[in-house]
Amino acid sequence: AQPGRPRLGVMIETAEAGVTIRQVVAESVAETTGLAVGDVVVEAAGVSVADTGELIAIVKRQSPGTWLPLVVRRDQQRLEMVAKFPSIF
């Protein structure tokens, strides 16, 4: 990724119903948000996420200092989280 671009800080792959998190980078927006390995992101910014490209596109549209609402499936539970991006990427 280029400097100045928003990053969630995860390694992801397309799952059957969303995007599975395979790795969370230490001290990243994802870690601060509480995302964990095995979580499946099903919504971002109120939009259903079907593959990695969709999630990446939504994250790239984030402006510095904004919040990104996420819906995650973890162990049969539906969790609502908010990823808070720093003022400077």
Starting from L79, can I reach V10 by hopping between I/L/V/M/F/W/Y residues whose side chains sit under 4.5 Å apart?
yes
Do you know which two heavy atoms are closest between P64 and S87, and how far apart they sit?
CB-O, 2.7 Å
Looking only at heavy atoms, the pair that brings T33 and M81 closest together is CG2-CB, 3.8 Å
Any idea which heavy atoms bring A50 and E54 closest together, and the distance?
N-OE1, 2.6 Å
Quick one, L35 with L70, criterion side chain to side chain contact (heavy atoms under 4.5 Å, CB included). Give me CA distance, side-chain angles, the key distance, then yes/no.
CA-CA 10 Å; L35 292 170; L70 299 168; 4.0 Å; yes
Heavy-atom side-chain proximity of I56 to I12 below 4.5 angstrom:
yes
For a 4.5 angstrom cut-off between non-hydrogen side-chain atoms, does T32 reach K84?
no
So V29 and P86, do their side chains get closer than 4.5 Å, heavy atoms only?
yes
Is there a path from V47 to V19 through hydrophobic residues (I, L, V, M, F, W, Y) whose side chains come within less than 4.5 Å of each other?
yes
Looking only at non-hydrogen atoms, find the nearest pair between R7 and F85 and report the distance.
O-CE2, 3.6 Å
Taking all heavy atoms of P6 and all of Q62, pick out the closest pair and write down the distance.
CG-O, 3.6 Å
Inspect the surroundings of CD in E13 and state if more than 12 heavy atoms from other residues, nucleotides or ligands are less than 6.0 Å away.
yes
Linking I/L/V/M/F/W/Y whenever their side-chain heavy atoms sit closer than 4.5 Å, directly or via other members, would M11 and L68 fall into one cluster?
no
By the definition side chain to side chain contact (heavy atoms under 4.5 Å, CB included), identify the one residue from T14, I58, V42 that meets it with V49.
I58
With respect to D39, which candidate in R73, R74, R78 satisfies the salt bridge (charged side-chain N to carboxylate O under 4.0 Å, His left out) definition?
R74
Would you name the heavy atoms of V40 and A17 that are closest together and state the gap between them?
CG1-O, 3.5 Å
